[in-house]
Amino acid sequence: MAKPPPRKPKKKVCVFCQEKISYVDYKDTGLLRKFISDRGKIRARRVTGNCTQHQRDVATAIKNAREMALLPYTSTAR
Amino acid sequence: MRRYEVMVILDPSIEERAIAPSLDQFLTVVKNGGGSVEKVDIWGRRRLSYEIQKKGEGVYAVVDLTAEPAIVKELDRQLNLSETVLRTKVIRPEVH
């Protein structure tokens, strides 16, 4: 049995570092929606490719947006 | 003095033309306390992601202001006492 070829992980670059965005706004729901799943859960860093600091900023922004009913805590639709 | 951003969700049953005056009334405490209101942005009616007090939508407004911390605390207290306010959030955009 031949070993499966080793997977080449594609290195993702944090979109916020690329765009040089320092402040993640909780009011920008269009942007934040990219970082939640269709169930409303926050996507993991290995999925989003964000750096540590920006992942944390995104998570805080999403939680703020949830408090103000801009984003859902859960969405059972679908 | 510090910069603040205050987001308010108002009751959707409020009349369209009563929104700005009622916000002004809340913001008098800032003016009297020596603070200044930079911007009042009324988003208008918007669907809520989940129900708050059995209401499916709310009137959003975002206020940028500069004031002493105690003044903003008092503003937040008064907003929360009001029946027409569903929810508030005070944020300092500089610190994150």
Side-chain angles (χ1 to χ4, degrees), chain A residues 9-78, chain B residues 2-14 19 22-23 26 37-66 72-73 75-80 82-96:
Chain A
K10 207 191 286 168
K11 185 86 186 110
K12 284 181 220 147
V13 188
C14 172
V15 285
F16 295 98
C17 291
Q18 256 180 340
E19 306 277 323
K20 300 220 169 20
I21 299 167
S22 59
Y23 175 57
V24 184
D25 194 354
Y26 73 102
K27 300 191 293 299
D28 189 356
T29 50
L31 174 73
L32 293 179
R33 269 186 198 281
K34 289 185 199 156
F35 297 101
I36 60 174
S37 70
D38 49 8
R39 287 218 142 210
K41 292 162 73 169
I42 299 172
R43 288 225 166 96
R45 174 152 59 242
R46 64 168 177 276
V47 181
T48 61
N50 284 351
C51 69
T52 318
Q53 187 56 53
H54 282 125
Q55 176 72 13
R56 181 184 282 246
D57 293 345
V58 167
T60 317
I62 290 173
K63 286 167 188 172
N64 275 331
R66 279 178 181 167
E67 279 189 40
M68 296 310 282
L70 298 171
L71 292 176
Y73 280 103
T74 56
S75 52
T76 42
R78 276 160 297 201
Chain B
R2 285 173 173 168
R3 287 209 53 232
Y4 290 93
E5 184 184 292
V6 182
M7 185 188 261
V8 186
I9 305 181
L10 295 166
D11 194 296
S13 60
I14 191 171
I19 296 169
S22 67
L23 277 173
F26 287 123
V37 179
E38 270 102 56
K39 206 174 96 193
V40 181
D41 184 10
I42 297 168
W43 292 8
R45 223 162 282 265
R46 200 174 184 286
R47 263 209 78 74
L48 302 175
S49 290
Y50 51 88
E51 287 196 349
I52 300 175
Q53 291 172 24
K54 309 278 179 203
K55 291 178 180 77
E57 50 179 25
V59 178
Y60 281 74
V62 180
V63 184
D64 288 341
L65 55 89
T66 309
V72 178
K73 207 171 169 188
L75 170 68
D76 195 37
R77 191 186 73 87
Q78 288 186 10
L79 284 169
N80 280 311
S82 168
E83 299 268 314
T84 55
V85 177
L86 296 186
R87 204 160 281 196
T88 62
K89 182 175 275 295
V90 180
I91 289 245
R92 283 182 60 200
E94 279 91 12
V95 279
H96 41 268

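Chain naming here is simple, since letters A, B, ... match the order of the sequence lines and numbering starts at 1 in each. When reading the values below, keep in mind they use all heavy atoms of this one structure, side chains included, and skip hydrogens, waters and symmetry mates.
- Contacts between A/Arg56 and chain B at a heavy-atom distance below 4.5 Å are absent for every atom of the residue.
- Of the listed residues A/Gly40, A/Ala65, A/Ala69, the one with more heavy-atom pairs under 4.5 angstrom with chain B than any other is A/Ala69.
- Within 6.0 Å of CD on B/Gln53 lie more than 12 heavy atoms contributed by other residues, nucleotides or ligands.
- Interface residue B/Glu5: only side-chain heavy atoms are found under 4.5 Å from chain A.
- Between the CD1 atom in B/Ile52 and the CE atom in A/Met68 there is a gap of 7.5 Å [rounded to 0.5 Å].
- Listed by chain and number, the residues in a salt bridge (Lys or Arg N to Asp or Glu O under 4.0 Å) with B/Lys73 amount to none (sequence neighbours excluded).
- Note on B/Lys89, B/Glu51, B/Arg87: by heavy-atom pairs under 4.5 Å with chain A, the leading option is B/Lys89.
- Between the B/Tyr50 side chain and the A/Arg66 main chain, a donor and an acceptor come within less than 3.5 Å of each other.
- Shown here for B/Trp43 and A/Lys27, the closest heavy-atom pair between the two residues is CZ2-CD, 3.6 Å.
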